[in-house]
Protein chains: 2
Amino acid sequence: MSRVLVVDDDPQLRRALRITLRAAGFDVVTAEDGRTALAEAAAAHPDVVLLDLGLPDLDGTEVLAGLRPWFTGPVVVLSARGDSSDKVGALDAGADDYVTKPFDMAELLARLRVALRRGTAEPGQARVVTDHFTVDLAAKQVTVDGVPVRLTPTEWALLSELVRSPGRLVGQRELLQAVWGPAYERETNYLRVYLAQLRRKLEPDAAHPRYLLTEPGMGYRFSKDPLPPHPSQAQGGPLEGGR
Amino acid sequence: MSRVLVVDDDPQLRRALRITLRAAGFDVVTAEDGRTALAEAAAAHPDVVLLDLGLPDLDGTEVLAGLRPWFTGPVVVLSARGDSSDKVGALDAGADDYVTKPFDMAELLARLRVALRRGTAEPGQARVVTDHFTVDLAAKQVTVDGVPVRLTPTEWALLSELVRSPGRLVGQRELLQAVWGPAYERETNYLRVYLAQLRRKLEPDAAHPRYLLTEPGMGYRFSKDPLPPHPSQAQGGPLEGGR
DNA sequence: GCCGGGCGTCAGGATCCCGTCAAGACCACC
DNA sequence: GGTGGTCTTGACGGGATCCTGACGCCCGGC
C-alpha cells in the first residue's frame, strides 16, 4: 500500500480527499500548511505528495523547494490557478504533475497511479536489503552483516546510483555522468577502481562478485538476489557431495 | 539533445510543433498515422513520444499498446477529447501525461521537460514476453525459463532492434546500420554469426528457430507467438503418434 | 543433374575490456 | 608544517569479445 501526503488548507477538500484516497487503497496523511507539510513529509515518509499551491504560511513553490533536495518521490501539484506561467513554474521547480481545481477525482487518481508507477518501486524505498548487506539511502548508511561500513563520498555516490534501481543495467556513461559529471564520460578507469573498492567493502568474496555485477562493454548491475557462490569457494559444504 | 516523435494527423499542427520543438532544442521526427508512428518509433529511437489520440488508421490506445511493450521512454498524449474517462484510459494504458487541445505551448514544453527528467521506465515496465524467454528492455536483462542470460553488447543491440517491432520484418540493411553503423551495410556475414549466437542463447532448439526467424534475401523477424516445434523434435510426446 | 546464391556453423587470431596494483597529487584537519 | 585520507592516473596481465575467412548445406533456376 502506498502512502500519500495531502497538503491543503481547505478542511472540506482535505476530508474529501482523505475519504476518496483511502477508498482507493492509499494510506493518507494530511497537512494544512507548508511547515506542517515539510515536517510530515520527513516524519511519515510518504510515497507521493499531493500539494496545494495556495497555502496560508508558505508559497507552494517554497514547499517544493524545501521538499526537493531530499524527497525523491513524485509531487503532484493541485492548484486553483490555471495560468500557464504558474504551471511552468511549478513543473520546472520539481513538480511531477499539475492538476487545476476544480478537478475530476477519477483523473486525479489516474495521475497519482502514473506518478507512483515510475517513482521508486518499493515502498521501503529508502532501504535496500540483500542477504549480505543493507543500504540505507536516506541515512547514507551501509551495514555488512549488521556492522556499519564507512564509504568515501565517491564510493557512496556510485553505490547509490547502482542501488537506486535494483536489477537494472546502468551504463558506464550513465554512471560516470551521475558521479563525476558530463566531462568524465570517457574515464572508464574510475569505474573500475571504485567498483573494486566497493566490492572489497561489500562483497563476501570480492574476486567473485555476487551483487555488484559487471556487464562487459555495457556497464554494471546491482542484483538483489545474489548469484550462487563461486565454485572455487569449496568450503567443504556438505551439499557439494557430487564429484 | 533529445529526440521527440510527434504523432498527429493535422499537418498544420505537425508543422507548428516541429518548429517550436526544434527551437526548444529537440530533434524532431514526425508521423501522421498509427502505423507510421510505430515504425518510426522503432527506427528513430526517440527519447519521448508526443501522441495524438485521434488518428485516421489506429486508435490512439492501440498505438500506446503497440508502443508500451518495448518503448522505455515517456509518452505524452495530446488529445482534443477532454473527458475524464478518456484521460483515465490513456493514463492507465501507459501514457505518462495527458494534455488537452487547445494547449499552451509553454506548458507542453514544461511537461515534456518533466517527462524527460524522469528518464527511462523502471525495470519490468517495458518487457517483451514469449513462452520461452523474456526481454526486459529497461533493465537490459534477458531471462530464459526464468534464468538470467548474459548477452554481449553486440548481441543485445541486435536483439533489441528485432524485439522492438514484434512480427515485423526488419531488413538486413536496417539491422546492420542500427547495430554496426552505416558503413557496414554490406556485411551480412555479421548478421549470420550473431543471429546464430542469439539463437544458441535464446531458442529452445537453435537449429530450428521458432522466435528469431530468417526471411531469406530480406532480413529477419522476431515472432512472439512461436512456430510449432520442429517435427524432428520427436521426443516421444504422446501426440506425435505417427512415424 | 548441374550450378549459384544465400544461409548456418565453426574456429582462429587480433583487439578491446576489465580487474588489480601502486605511486603521486590534492585536500582538510590537526 | 605535518599527517591521514581521498582522489586521480598510469601500467600490466588475463580473459572475453569481435572480426574474419573457410566450409558445407539447402533451395531455386536452368
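Predicted model, so just to flag it, every value in this text is computed and none were measured.
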Is [Y] paired with [X] through a side-chain N to carboxylate O contact shorter than 4.0 Å?
X	Y	answer
B:Glu32	B:Arg14	yes
B:Arg168	B:Glu174	yes
B:Arg111	A:Asp97	yes
A:Glu161	A:Arg164	yes

Interatomic distance where [atom1] belongs to [X] and [atom2] belongs to [N] [whole Å]:
X	N	atom1	atom2	value
B:Leu191	C:dG6	CG	P	13 Å
B:Asp205	C:dT9	CG	C1'	14 Å
B:Leu198	D:dC18	CG	P	11 Å
A:Leu195	C:dC18	CG	C1'	10 Å
A:Arg200	D:dT6	CZ	P	13 Å
A:Glu215	C:dC18	CD	C1'	13 Å
B:His208	C:dC7	NE2	P	18 Å
B:Leu212	C:dG8	CG	P	11 Å

Can the ring centroids of B:Trp156 and B:Tyr194 be said to lie less than 6.0 angstrom from one another? no

Heteroatom pairs (N/O) under 3.5 angstrom, protein to nucleotides 28-30 of chain D:
none

Would you please confirm or rule out a distance under 4.0 Å between OP1 or OP2 of C:dG19 and any side-chain N or O of A:Tyr220? yes

Per-nucleotide protein contact string for nucleotides 7-17 of chain D (B base, S sugar-phosphate only, - none; heavy atom under 4.0 Å): BBB-------S

When you measure from the side chain of B:Asp57 to the backbone N and O of B:Gly34, does any donor-acceptor pair fall under 3.5 Å? yes

Would you mind reporting whether A:Leu67 and A:Val49 have side-chain heavy atoms less than 4.5 Å apart? yes

Look at the rings of B:Tyr211 and B:His132 and say which category their plane angle falls in: under 30° parallel, 30 to 60° tilted, over 60° perpendicular. parallel

Any chance you could lay out the salt bridge (charged side-chain N to carboxylate O under 4.0 Å, His left out) test for A:Arg117 and A:Asp47, step after step, and finish with the verdict? CA-CA 11 Å; A:Arg117 191 164 64 203; A:Asp47 299 296; over 6 Å; no

Classify the nucleic acid contact of A:Thr188 as base, sugar-phosphate or nothing, counting any heavy atom under 4.0 Å across all strands shown. nothing

